[in-house]
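The structure appears right after this line, and notes come after that.
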Amino acid sequence: MAGLSKRERVDAALGGADVDRVPVAAWRHFIPEEQTADGLVAASLDFFRTYDWDWLKVNPRATYYAEAWGSRYDTSHYDGVMPLRVTSPIGGPDDLARLAPVSPTEGVFGEELDVLRRIGAGLDGAHYIQTVFSPLSVLAFLTTRLGDQTPDLGPQSRFERLRALLHEHPQQVHHALDVISQTLAGYAAAVLETGASGLFFALVRLARADALTPEEFAEFGRPYDLRVLDAVKDAPFNLLHVCGPRSYVELANSYPVHAVNWAAVGQGNPTLAEARATTDRVLVGGVDEHGTMQHGTPEQVLAEAGAAIAAVGTRRFLLSPGCAVNLDVPAANLRALRQAAGA
C-alpha cells in the first residue's frame, strides 16, 4: 500500500485498516506566539509543515479555559508553559455556587475558534483536533490559590484545596462542574463547526493515583467528561489524553473516544503492549517526551520509536510522544521521530 494522503493514513489507522506507514505527530506550546491568534496560527502551521506531521494537535495557551471564567495572568512572567496568575474568580465555596455559564463562542473561546478556522485552511485536508480540558481540570485551574503555579498540577499539595472542596462542599462543586461542562459541550460542538476533526480531550494530571482516588474521579470527573464528549460523538477523531505518571489509562475503555494517549514510557503507566491487551482503542504514543525526546540522541529516538512500533504493530497505532514536548526540544529529535515512521 502506498500513496495515502495524511488524512487517509490517519483514517486508516483509526479504522484498524492497513497503512502505508504509521501516522506520526508531536505537539508543543508556542511562547509567546500563543498570546495572539495570528501568532498561534503561524506557529502551528509552521510546526506542522516543518516536521511533516500527519495530523495536528492544536495547542492553545494552557490558561484559556480559566481565562474564560475570569482568571487573569501576567504573561511577562512564565514558569514553564504557565504565566503567573494574578486574579481568580474563585475565592471560596460561595463563588463556586455563583459560577455561571459563559458563551462558548465569544471572548477567548471565540478567539480560539477563529484560530481553528484559519489553521484548518492551511492544512490541505489533514486532520486537526482541538485541545479541550476536562471540566474537572478546568475547575482545578480555577481553584488553585493565587501564587501557586496552576500549570504543573504535579505535587500532591497542588490538589489539597481541590480535594478539600470535593469533600467539604460537594454540592457547590457539582454546581460548578455542571456549569463548566455545559459551556464546554457548547464549545466542543462549535469546534466541529470550524472544520476540526474532533477533540484532544485532556484529563490534566487528575486521573492518577497521587491526585484523586478512582472513587473521587468517578463522582466528580467522568460524568461531566461524558457530557462534553457527547457533544462531539459524531466526530471522526476524538482522542483521550490521560496526563501524568501512574495514571488511570484504563479509563479509555469506558470513554466514547477513538484513541487514547498517555506517557507509556518511564512514568509508572501501562506500556503500549499492556494497553493493547486491555483496550481496542487506537493507541497514541510510544516515545518518552521528558527523557528520550528531550535528552536523548536522534538515534535513541529512532530506537525507542522502533520498539514502540514493534510492540503493537502498524494497525490502530499513531506514533507520538506521551505528552507535549518541551519548548526547547532538539529539532534533530523531532526529525528523528518523523523519520521513525517511514518515508
Any side-chain heavy atom of [X] within less than 4.5 Å of one from [Y]?
| X | Y | answer |
| --- | --- | --- |
| M293 | V301 | yes |
| V24 | W53 | yes |
| L327 | Y78 | no |
| P93 | Q171 | no |
| S181 | V228 | yes |

Of the non-hydrogen atoms in [X] and [Y], which two are nearest, and what is the gap between them?
| X | Y | answer |
| --- | --- | --- |
| S320 | N261 | OG-ND2, 3.6 Å |
| G322 | H241 | O-CE1, 3.2 Å |
| L226 | S254 | CD2-O, 4.2 Å |
| L96 | A176 | CD2-CB, 3.8 Å |
| L272 | G286 | CD1-CA, 3.7 Å |
| N333 | P298 | OD1-N, 3.2 Å |

To the nearest 0.5 Å, how far apart are [atom1] in [X] and [atom2] in [Y]?
| X | Y | atom1 | atom2 | result |
| --- | --- | --- | --- | --- |
| I129 | L192 | CD1 | CG | 11.5 Å |
| T75 | M82 | OG1 | CE | 12.0 Å |
| R28 | N326 | CZ | CG | 9.5 Å |
| L56 | S197 | CG | OG | 10.0 Å |
| L40 | Q35 | CG | CD | 10.0 Å |
| L99 | I180 | CG | CD1 | 5.5 Å |

Under the side chain to side chain donor-acceptor pair (under 3.5 Å) test, which residues partner N238, sequence neighbours left out? none
May I ask you to say whether [X] pairs ionically with [Y], meaning some side-chain N is under 4.0 Å from a carboxylate O?
| X | Y | value |
| --- | --- | --- |
| R98 | D95 | yes |
| K6 | D124 | no |
| D38 | R118 | yes |

Provide the full list of side-chain hydrogen bond (donor to acceptor under 3.5 Å, both in side chains) pairs with a residue in residues 242-252, sequence neighbours left out, each pair given once. D210-R246, S247-N269
Verify the cluster assignment for V282 and Y255: are they in a single hydrophobic cluster under the rule of side-chain heavy atoms below 4.5 Å apart? no
Does anything in residues 303-331 pair up under salt bridge (Lys or Arg N to Asp or Glu O under 4.0 Å), and if so which pairs, sequence neighbours excluded? D18-R315
Tell me if the centroids of the rings in F48 and Y128 come within less than 6.0 Å of each other. no
Pair Y187-E112, side-chain donor/acceptor within less than 3.5 Å: no
Measure the acute angle between the ring planes of Y65 and F109, then classify it against the limits of 30° and 60° as parallel, tilted or perpendicular. tilted
Using 30° and 60° as the class boundaries, would you call the ring planes of W55 and W27 parallel, tilted or perpendicular? tilted
